[in-house]
Amino acid sequence: QKEVEQNSGPLSVPEGAIASLNCTYSDRVSQSFFWYRQYSGKSPELIMSIYSNGDKEDGRFTAQLNKASQYVSLLIRDSQPSDSATYLCAAEPFAGGTSYGKLTFGQGTILTVHP
Amino acid sequence: DAGVIQSPRHEVTEMGQEVTLRCKPISGHDYLFWYRQTMMRGLELLIYFNNNVPIDDSGMPEDRFSAKMPNASFSTLKIQPSEPRDSAVYFCASSLGLLGGTQYFGPGTRLLVL
């Protein structure tokens, strides 16, 4: 079983709607979680990080973490066509110095926002 | 800031040839990461360095792969000999200090091995 799992989609939403992206992880020692956005042919860029249970909001983006359920989500409000990209969920296991920075990525969810 | 710089951006080679990918991290960053991305396997960490020292190379697929970081501003990933299954996009990323996840990715090198 892959450590970080995402629904590969594609997920298609109309402009102005809320896009909901989900991610589950299997490693119970994972402590930090991240959402990266990757446009086609480009490199990943960090858009959100979350470390504690609950919600974290940044502009139109909200990350949600539930460690008991081993579940992370990203909500994009008022979706725009420019949000169309692949969204990668990543987890960082923390079990000592050799684990630091070793991100495990999910396969990514392709999001399409249509006008 | 120029960001993470990688070269070449595209590489086409024949099976059996040596391939060297290059990376210049963001100045001042003390962590450097090499990733490989394919449709089948997604984005995988190959190896990462802290202050030029390799910390974890457990993601390096085979002995054909090697990576070095001779100084704080330069790293190489070498494949020798290359095989068609090595075809992928190779990303270099760097980060500053204990800020796991805030890794800044380079534009990547698209490698095709024929």
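Each chain gets a letter, A, B and so on, in the order its sequence line appears, and its residues count up from 1.
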For B:F91 and A:Q38, the nearest pair of non-hydrogen atoms, with its separation, is CZ-NE2, 3.7 Å
Would you find a donor on one side and an acceptor on the other, under 3.5 Å apart, between the side chain of A:S43 and the backbone of B:G106?
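Present.
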Could you see if A:L65 belongs to whatever hydrophobic cluster contains A:I76? Use Ile, Leu, Val, Met, Phe, Trp, Tyr and a side-chain cutoff under 4.5 Å.
yes
Cluster question for you: counting only ILVMFWY and a side-chain heavy-atom cut-off of under 4.5 Å, with indirect links fine, are A:L111 and A:M48 together?
yes
If you draw a 6.0 Å radius around [atom1] in [X], do more than 12 non-hydrogen atoms from other residues or ligands fall strictly inside?
X	atom1	answer
B:E62	CD	yes
B:D63	CG	no
B:R110	CZ	no
A:I18	CD1	no

Does any non-hydrogen side-chain atom of A:P44 lie less than 4.5 Å from one of B:L43?
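Touching, per the 4.5 Å side-chain cut-off.
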For residues A:L46 and B:Y104, determine if any side-chain heavy atom of one lies less than 4.5 Å from a side-chain heavy atom of the other.
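The answer is no, as the side chains (C-beta and beyond) never meet within the 4.5 Å cut-off.
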For the OH atom of A:Y36 and the CZ atom of B:F105, what is their distance to the nearest 0.5 Å?
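Output value for this atom pair is 5.0 Å.
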Select one option (side chain, backbone, both, neither) describing which atoms of A:E45 are under 4.5 Å from chain B's heavy atoms.
neither
Where does B:Q37 contact chain A at under 4.5 Å (heavy atoms): side chain, backbone, both or neither?
side chain
